[in-house]
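Just below is one structure, and these are the notes that go with it.
We use all heavy atoms of the structure for the numbers below, so side chains are in, but hydrogens, waters and symmetry mates are not. Here the structure is a predicted model, which is why all the values come from computation and not from measurement.
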Amino acid sequence: MAALITENFKFVSLFFKSKDVMIFNGLIALGTVASQTMYNIFAFDCPCSSGRNYLYGLAAIGVPALAFYLVGIMLNKSTWDLVSECRLRRCRKLSGAAAFAVLGTIIGRAAVAPVTWTVISLLRGEAYVCALSEFVDPSTLEGFPSGQGLEVMARFPCKATVPQEMQGFWAEIERRLKYESQLLGWLMVAGMAVVLFLLLCMKRCCSPLGYQQEAYWSQFRSNEHDLFQRTADVHSRILAVESVKSYFGFVALEKEEKQQLEEHQNASPISSTEWNRITGICLYREKKGLPLYSRLNKWAQYSMENNIDAMEKEMDTLS
């Protein structure tokens, strides 16, 4: 039974690893929908005042979307890879097409949450109704009392503040504005779907790799990242043990840490030059017909060949 559970868990893990971008984007979208719903229920409160409604409604849609966008850019590893590439090598190895592809990836992933927030806000309609209620033309409402200014129209998002003689127009105004809001929301969904489809087609057509190799590349980089993080954690712990031991004369270790220390006694500090060589952008390259899937992969190939000249030419930073 335990073996069966383990095998099933491995299968599920592999599935989610192979779909990591799709799952990650899906979780971001779901989290954004939940956040938007909670905000509308607990925090959204239209001021129902002329001049304030418009600013409040736009802020309710635009400010969280902008915040989500900036956070998405900051949390994207490719952002800092690109920054490091430009800082260390002044982007000399990065062509215009490669830079466009990297920026497109960063912007595309960062746009998931803000687009979701904006679309859900428009489909719900509360912020749009709040923002544009004062701009509804009273002359288009049959039987609406004449001579009513913006201040009266601005009260309609708050039904309780609408004058009694105008209560009958509340449903019509809300229905009209929600129609406009939801229409914009669905048009935005359709536009993003078309753009996403065209970009995906361009990516498949322009990629030098077949579908299977591209999937393998994604799996390789995911596995390399996981193994690198785990190994870096052990390596840093071993060096930390040496520092603490040299100061106190001993170090308090758990059983597992003692085993790691015994197995990896040859761990040594890594120079900044070597760290910089594996830091930055690395798009797909080939060397003698064999693929180089990452900067670490390239570094390993050059190291095994003891090709110092190529290492310095391809991977060193500019002084």
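- Applying the ring-ring contact (aromatic ring centres under 6.0 Å, His included) test to residues at least two apart or on different chains, none of the pairs has a partner in residues 225-263.
- Taking the side chain as every heavy atom from C-beta outward, D137 and T140 approach each other to under 4.5 Å.
- Each ring-ring contact (aromatic ring centres under 6.0 Å, His included) pair with one or both residues in residues 48-75, not counting sequence neighbours, appears once here: F44-Y56, Y54-F135, F68-W117.
- Legend: ring-ring contact (aromatic ring centres under 6.0 Å, His included) pairs involving residues 70-98, not counting sequence neighbours: none detected.
- With salt bridges taken as basic N to acidic carboxylate O contacts below 4.0 Å, one links D233 and R237.
- Sorted by first and then second residue, the ring-ring contact (aromatic ring centres under 6.0 Å, His included) pairs with a member in residues 148-181 read F144-F169; sequence neighbours excluded.
- For the side chain to side chain contact (heavy atoms under 4.5 Å, CB included) test, no residue two or more places apart in sequence or in another chain qualifies with S246.
- Between E172 and R175, at least one side-chain N (NZ, or NE/NH1/NH2) sits under 4.0 Å from a carboxylate O, which counts as a salt bridge.
- Using a cutoff of 4.0 Å between basic side-chain nitrogens and carboxylate oxygens, R155 and E134 are not scored as salt-bridged.
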Which donor-acceptor pairs under 3.5 Å do the side chains of residues 192-202 make with protein atoms, sequence neighbours left out?
none

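- The shortest distance between side-chain heavy atoms of C46 and E126 does not fall below 4.5 Å.
- Note that CG of L292 and CG of L290 are 8.0 Å apart. Values are rounded to the nearest 0.5 Å.
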